[in-house]
Amino acid sequence: MNKLLTVGILCSLFTFPLVSHAGQAPGIKLSDENGKVHQLSDYRGKTVVLEWFNEGCPFVRKHYDSGSMQKLQKQYTDQGIVWLTISSSAKGKQGYFTADAAKASREKEKASMTAILLDSDGKVGKLYGAKTTPHLFIIGSKGEMLYQGAIDDQPSTETEDLAKAKNYVDQALQEILAHKGVSVSKTPPYGCSVKY
Amino acid sequence: MPLQVEAKDPPLTPHVQAQLVGESRTFSPGKPVRIAVRLEAEEGWHTYWAISGDSGKPTRLEWSVPQGFVPGPMLWPAPKRIEVPPLVNYGYDDEAFLMTDLETPSDFIAESVQISVRARWLVCKESCLPGEATLSLTLMNSDGPPEPNTIWSQVFQKATSQLPQSTPTTWKAHARQVGQDWILQIENPSGFSSKKETQWTFFPLQDLVFQNAAPQSFHPSANGMEIKWAQSEYLTHAPDTLEGVLVERSGNGSTEKVQAWTVVAPLEGKISLAKMLFFALLGGILLNLMPCVFPVLALKAVSLLQKSGKLRRDILQGGLAYSAGVLFSFWIFSAVLIALRHTGDQVGWGFQLQSPGFVGSLSAIFFLLGLSLLGVLEIGSRWMGLGQSLTTKEGLRGAFATGMLSTIVATPCTAPFMGSAVGYALTQSDGDLWIIMTALAVGLALPYLLLTVWPPLLRWLPKPGAWMETLKQLLAFPLFATVIWLIWIETLLAGSFSLFYSLGALLALGWGVWFQHRWRTTWAKGCFVLLCILAGLLIAQIQRVDTPLAEGLQELSKSSVQLPWRPYHKQSIQKWREDGYSVFVNFTAAWCVTCQVNDRTTFRSPSVLAAFRDRKIIWMKADWTLPNPGITADLQSMKRSGVPVYAYYSKDLHKEIQLLPEILTPPILMEALQESETSK
């Protein structure tokens with residue numbers, strides 16, 4: 001009995017600092033490249049990845065020209081994760097998307113995101129504090145923010161850096177799918193400024 | 001000698017013209033020669049400095065030189081602050097002249113040498129383009145004095161004058177942390193120019209220390225300068241020094257004068273570690289008096305009285321085992337804290353009470369403890385090391401477990417000293433955090449350890465007798481009161497439906513206790529264990545829910561109707577201050593008893609309400625009942641990790657943030673406000 005209680009105490013000591021103290025992610029209501037409206041609340045119960053995107057930004061190009069971003073999108077959307085790529089570029093600026101341009105871009109990149117959301121007034125981008133492209137956010141099934149920051153730890157435009165990069169988003173998604181806590185939950189984002 | 005050292009046209013790269021040039025056309029073997037990569041960006045485009053700021057990428061150079069030649073470090077002239085709202089970058093908007101001193105071998109005999117460099121940069125306007133060029137330069141070998149390169153010598157001179165110099169020895173720089181800002185103070189006996197046309201800028205040499213996009217404020221004066229700049233949101237712990245380049249610009253165009261200094265400012269105002277250890281120790285000792293810990297320890301002390309006939313050595317062993325238990329649990333806690341901190345997570349003392357499961361388990365532990373004090377739960381009292389021989393191994397293990405128990409039951413009671421000690425610890429390096437937590441643990445263990453080390457102290461305690469049993473039973477009631485409080489918190493976190501689970505768990509525990517008390521047989525104990533497991537399962541059902549919680553919180557705020565609290569919004573504080581209002585921020589949580597007491601005794605007092613109205617003070621309430629990384633970060637930047645914290649921002653913009661005492665009465669609050677208005 002002594003042992004049982006001791007084990008109980010040890011367990012509670014171990015668990016109490018591991019409480020998730022993530023904040024809630026702000027709401028989203030945006031239409032996608034097919035005119036369909038997406039709300040974050042539609043995806044309650046699912047893990048959602050938000051990826052800020054500007055097809056002309058060289059930091060984004062690194063991840064698309066090498067195919068690594070598309071691979072990540074495919075791998076995780078196949079496992080039921082919702083991947084929303086968002087363009088917050090204002091009209092007339094680099095990376096601005098009309099619905100048709102977004103459709104064409106998806107085809108050109110052979111990308112597998114769930115949808116490309118159009119945020120040309122920058123409302124959602126500013127709400128989330130999206131600073132750079134790429135800038136990634138992972139939202140848990142209860143709407144809690146699980147990760148925000150860079151895609152990986154190599155702030156560069158060169159594809160050869162991908163080999164030595166530690167991909168934070170890949171790591172976090174693996175941990176989430178394995179029902180583990182996200183070990184790295186916030187990193188400084190890198191890339192081009194979002195063209196609000 | 002007719003020379004064509006820059007024979008080749010610069011390679012064509014979009015928006016940037018890149019060249020490799022030398023300060024002289026010749027070099028003397030053994031003497032260094034200064035060379036530079038020049039990147040001329042088209043109008044409106046810019047390349048980046050050594051620290052690029054919020055986005056972008058510093059220009060990189062890779063040299064290929066013959067053996068014996070050694071390129072020195074890159075010399076970056078003073079950059080400019082390039083604002084791309086909401087970001088700020090550091091770079092060069094016209095010409096980047098990135099110099100290097102090239103060491104040459106003294107035994108070089110060939111007629112000339114070819115130096116080449118692969119330059120890689122990012123050039124941005126609205127959009128960005130990576131660029132790359134391999135540039136080369138031929139320098140002639142000459143014994144005489146170097147032949148100046150007339151085309152570039154002026155540019156070299158100008159760029160060299162804009163290199164950051166080391167600060168003169170008469171200057172003294174130091175930095176301190178105030179609220180969420182860094183304050184950098186540079187003492188300079190000859191003074192800094194405070195003329196309007198002089199433009200001051202500070203460029204960080206450290207990433208993730210300053211908030212690049214935040215405005216910098218400069219107060220140059222006759223004997224120095226004060227720079228105020230916000231901290232980076234990604235700051236994990238305070239560095240030992242703040243490093244950057246201070247740039248003075250005056251005039252413009254051809255008359256522009258630029259001077260730059262590398263400033264290294266040791267961070268002061270850090271409370272010394274020794275002082276902090278003292279407070280940690282004191283905080284640990286005070287924890288012994290907290291209503292959640294005191295009953296456990298009082299019983300341990302009383303049990304010592306019964307053992308006073310025992311061998312001194314045995315008593316001492318028990319004391320040491322207890323201390324080891326306390327240390328062990330604190331070390332586990334520290335290890336987890338450190339691990340969490342390395343993942344960039346926001347943590348603070350007391351946050352464990354944000355988890356309804358933890359609160360539920362805690363209420364069950366307190367309930368069992370209370371029952372054991374009433375004498376109906378035998379196992380519990382044995383486990384606490386009471387009523388059994390201290391000499392047995394069992395006794396030592398019991399003492400160790402009591403140590404761990406004391407730590408766990410202490411968690412809801414944050415002594416004021418302890419809050420600031422842990423808050424300080426969280427901003428320190430891992431090693432310091434470990435030492436501070438150890439001091440806390442020693443403080444918690446110390447009173448009991450002293451009793452066992454020096455049994456004559458026991459004479460100060462009253463003589464043993466029947467009163468001990470009465471006291472033991474009496475002490476059960478503070479524990480039951482704690483159970484009530486914990487369950488109330490749990491309903492705030494998990495909604496009123498969680499009452500079904502938590503009270504059900506207590507019922508199961510009570511029933512199990514009855515079995516083992518009524519029939520002291522093995523099967524009765526089995527029933528007890530089964531019912532304990534049932535209780536655990538019930539508690540595991542408790543989950544945080546959103547809606548009832550929000551309702552619960554709303555009810556809470558309704559109960560404080562007369563108070564004009566506004567929700568905490570950090571950005572608006574400055575705005576209010578600029579409009580001539582002072583701002584008082586109340587960092588609080590429903591589970592924080594001190595906060596609730598202050599709320600009822602002080603913030604509802606008519607005199608306080610009137611004073612706040614008269615002084616045009618805006619009330620803000622930052623509610624930390626639920627996890628809120630923003631508030632956690634703000635607390636940490638004030639060196640606090642728990643609530644309550646009362647922060648006062650004076651309408652006088654020159655005044656720094658004031659932190660008020662944690663325990664408030666109307667007179668204390670009024671006095672503190674008065675003081676902060678009159679102090680400088």
Side-chain angles (χ1 to χ4, degrees), chain A residues 1-6 8-24 54 56-59 61-62 89 92-95 125-126 129-133 135 142-145 147-149 155-158 181-196, chain B residues 52 54-57 84-87 89 120 122 124 126-130 207-208 232 234 329 332-333 336-337 340 342-348 351-352 354-355 357-358 361-362 365 379-380 382-383 394 397-398 400-401 404-405 407-408 411 525 528-529 532 536 544 546 627-630 632:
Chain A
M1 198 57 224
N2 276 346
K3 265 189 200 151
L4 196 75
L5 280 166
T6 314
I9 287 175
L10 268 179
C11 290
S12 55
L13 255 181
F14 269 116
T15 45
F16 70 73
L18 295 172
V19 177
S20 137
H21 29 287
Q24 289 284 308
N54 166 359
C57 165
F59 292 93
R61 292 268 38 103
K62 169 174 85 166
S89 296
K93 298 209 173 162
Q94 188 192 46
K126 284 172 188 162
K131 286 184 176 162
T132 59
T133 52
H135 192 167
K142 289 178 194 152
E144 73 279 21
M145 186 72 83
Y147 174 77
Q148 45 185 317
S156 78
T157 55
E158 285 103 6
V182 173
S183 56
V184 180
S185 58
K186 193 176 184 188
T187 58
Y190 72 82
C192 311
S193 57
V194 176
K195 314 299 179 200
Y196 288 118
Chain B
S52 61
D54 286 326
S55 64
K57 173 115 185 130
V84 195
L87 311 183
N89 294 318
R120 286 186 289 171
L122 188 72
C124 299
E126 266 288 298
S127 49
C128 299
L129 276 175
D207 255 329
L208 313 182
S232 165
Y234 300 105
S329 354
I332 292 180
F333 181 74
V336 177
L337 263 186
L340 276 182
H342 279 280
T343 66
D345 227 333
Q346 303 285 344
V347 285
F351 65 81
Q352 56 277 33
Q354 294 169 343
S355 152
F358 178 74
S361 317
L362 213 52
I365 291 179
I379 292 158
R382 236 182 73 206
W383 170 54
E394 198 77 348
R397 225 187 287 157
F400 186 81
M404 294 185 33
L405 182 72
T407 312
I408 295 172
T411 52
K525 277 187 181 160
F528 173 62
V529 172
C532 279
R544 193 190 294 149
D546 297 342
N628 183 325
T632 311

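Computed from heavy atoms alone, side chains included, the values below leave out hydrogens, waters and symmetry copies. The shown structure was predicted, so the numbers you read here are calculated from the model rather than taken from an experiment.
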How many angstroms lie between CG in Leu129(B) and CD in Gln94(A), if you round to the nearest 0.5 Å?
-> 7.5 Å

Indicate the atoms forming the closest heavy-atom contact of Tyr196(A) with Pro86(B), along with that distance.
-> CD1-CD, 3.8 Å

Measuring heavy-atom distances to chain B, does Thr187(A) have an atom under 4.5 Å in its side chain, in its backbone, in both, or in neither?
-> backbone

Pairwise distance CG(Leu87(B)) to SG(Cys192(A)) - rounded to 0.5 angstrom | 10.5 Å

Check each atom of Ser193(A) against the heavy atoms of chain B and say whether the ones under 4.5 Å are side chain, backbone, both or neither.
-> both

Please examine the side chains of Pro58(A) and Cys128(B), heavy atoms only from C-beta on, and report whether any two atoms are closer than 4.5 Å.
-> yes

Closest-packed option against chain B by number of heavy-atom pairs under 4.5 Å, given Ser89(A), Pro189(A), Gly149(A), Gly129(A) = Pro189(A)

Does Leu122(B) reach the side chain of Thr157(A), with side-chain heavy atoms less than 4.5 Å apart?
-> yes

Measure the OG-NZ distance between Ser127(B) and Lys195(A) for me, rounded to the nearest 0.5 Å.
-> 6.0 Å

Validate the cation-pi geometry between Lys57(B) and Tyr190(A): distance from NZ or CZ to the six-membered ring centre under 6.0 Å, angle to the ring axis within 45°.
-> no

